[in-house]
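Model, not experiment: these values are computed from the prediction.
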Amino acid sequence: MSSDLRVCFLGDSFVAGVGDPQCLGWAGRLAALSHRRGTPLTAYYLGVRRDTSADVLSRWEAECTPRLPDGCDARIVVSFGVNDTVQGLAAAESLRNLRTLLTAAAPLPRLVVGPPPVDDEPANRALASLDEAFATACRELRVPYVPTLPALVRDPAWMQEVRDGDGAHPAAAGYEALARLVAPAWIKWVEG
């Protein structure tokens with residue numbers, strides 16, 4: 001591993017940590033975990049509220065290129081999907097966008113974090129289907145995938161904070177739960 005480890009976190013408002021009064025979200029908590037474990041890194045949080053997979057696909061290269069120059073240990077984490085279901089993007093298009101992004105970024109180590117649940121049962125059913133499709137695509141592309149919806153929909157901290165908030169985003173305890181869920185795959189991916 002290079003001493004210049006850089007990770008771009010690409011995605012939507014969950015990547016940005018919307019709702020977290022500590023302004024860390026799950027991505028900031030994972031970067032802090034790596035520092036505590038002796039793996040310093042430069043993290044770029046490129047989450048944009050209301051972005052769909054199509055939006056992330058259209059901007060990822062322009063945003064990552066200047067942040068991931070030659071000579072560094074460059075990596076990307078991708079996470080989106082909730083806005084796709086909320087804004088009515090077809091699951092086939094979401095899946096195509098994920099595949100296109102992961103294929104275009106193939107020279108880089110990639111990690112995908114699945115979409116989390118919201119306080120809307122029909123949306124969660126659509127997200128569960130999208131989550132399964134994303135997991136299958138990642139297996140085929142040999143990209144590590146972390147499903148979050150199955151565990152978080154049963155997590156009292158996540159669901160209560162989502163209900164108490166705007167119906168989609170948790171506060172600090174919810175993001176902590178999400179970070180704990182992703183941490184084992186993250187540690188293996190960053191330190192392995």
message = Distance alone, cut at 3.5 Å: any donor-acceptor contact between the side chains of Arg139 and Thr136?
response = yes
query = Can you hop from Val15 to Leu108 via hydrophobic side chains spaced under 4.5 Å?
reply = no
request  = Please report the C-alpha distance between Leu111 and Val146 in whole Å, then the side-chain angles of each, then the deciding distance to 0.1 Å, and finally whether the side chain to side chain contact (heavy atoms under 4.5 Å, CB included) criterion is met.
outcome  = CA-CA 8 Å; Leu111 172 69; Val146 182; 4.3 Å; yes
request  = May I have the step-by-step check of ring-ring contact (aromatic ring centres under 6.0 Å, His included) for Phe9 and Trp60, ending in yes or no?
outcome  = CA-CA 10 Å; Phe9 291 85; Trp60 85 270; over 10 Å; no
request  = Verify, without hydrogens or angle tests, whether Gln87 (side chain) and Arg50 (backbone) share a donor-acceptor contact under 3.5 angstrom.
outcome  = yes
query = Does the pair Ser53 and Leu98 meet the rule for a side chain to side chain contact (heavy atoms under 4.5 Å, CB included), with working shown?
reply = CA-CA 7 Å; Ser53 61; Leu98 177 67; over 6 Å; no
task = Could you point out which residue of Asp131, Leu152, Thr85 forms a side-chain contact (heavy atoms from CB on, under 4.5 Å) with Pro115?
result = Asp131
query = Is the shortest heavy-atom distance from the side chain of Arg6 to the side chain of Tyr44 under 4.5 Å?
reply = yes
request  = Please report the C-alpha distance between Val182 and Trp189 in whole Å, then the side-chain angles of each, then the deciding distance to 0.1 Å, and finally whether the side chain to side chain contact (heavy atoms under 4.5 Å, CB included) criterion is met.
outcome  = CA-CA 11 Å; Val182 178; Trp189 184 71; over 6 Å; no
query = Does the pair Val190 and Arg37 meet the rule for a side chain to side chain contact (heavy atoms under 4.5 Å, CB included), with working shown?
reply = CA-CA 11 Å; Val190 168; Arg37 291 177 57 88; over 6 Å; no
task = Give the cluster check for Phe14 versus Leu24: same hydrophobic cluster or not, with ILVMFWY residues linked at side-chain heavy-atom distances below 4.5 Å.
result = no
ask   = Do Asp55 and Thr52 have side-chain N/O donor and acceptor atoms under 3.5 Å apart?
value = yes
query = Between Tyr145 and Phe134, what is the ring plane arrangement, given parallel below 30°, perpendicular above 60°, and tilted in between?
reply = perpendicular
task = Report yes or no: do Gln22 and Arg29 form a side-chain donor-acceptor pair below 3.5 Å?
result = yes
query = Thinking salt bridges, do Asp51 and Arg49 make one under a 4.0 Å N-O criterion?
reply = no
inquiry  = Minimum heavy-atom separation for Gly47 and Ala16, please, with both atom names.
reply    = O-CB, 3.6 Å
remark   = When every non-hydrogen atom of Arg59 is compared with those of Gly11, the smallest separation belongs to NH2-O, 2.6 Å
query = For residues Ser79 and Trp26, is any side-chain donor paired with an opposing acceptor at under 3.5 Å?
reply = no
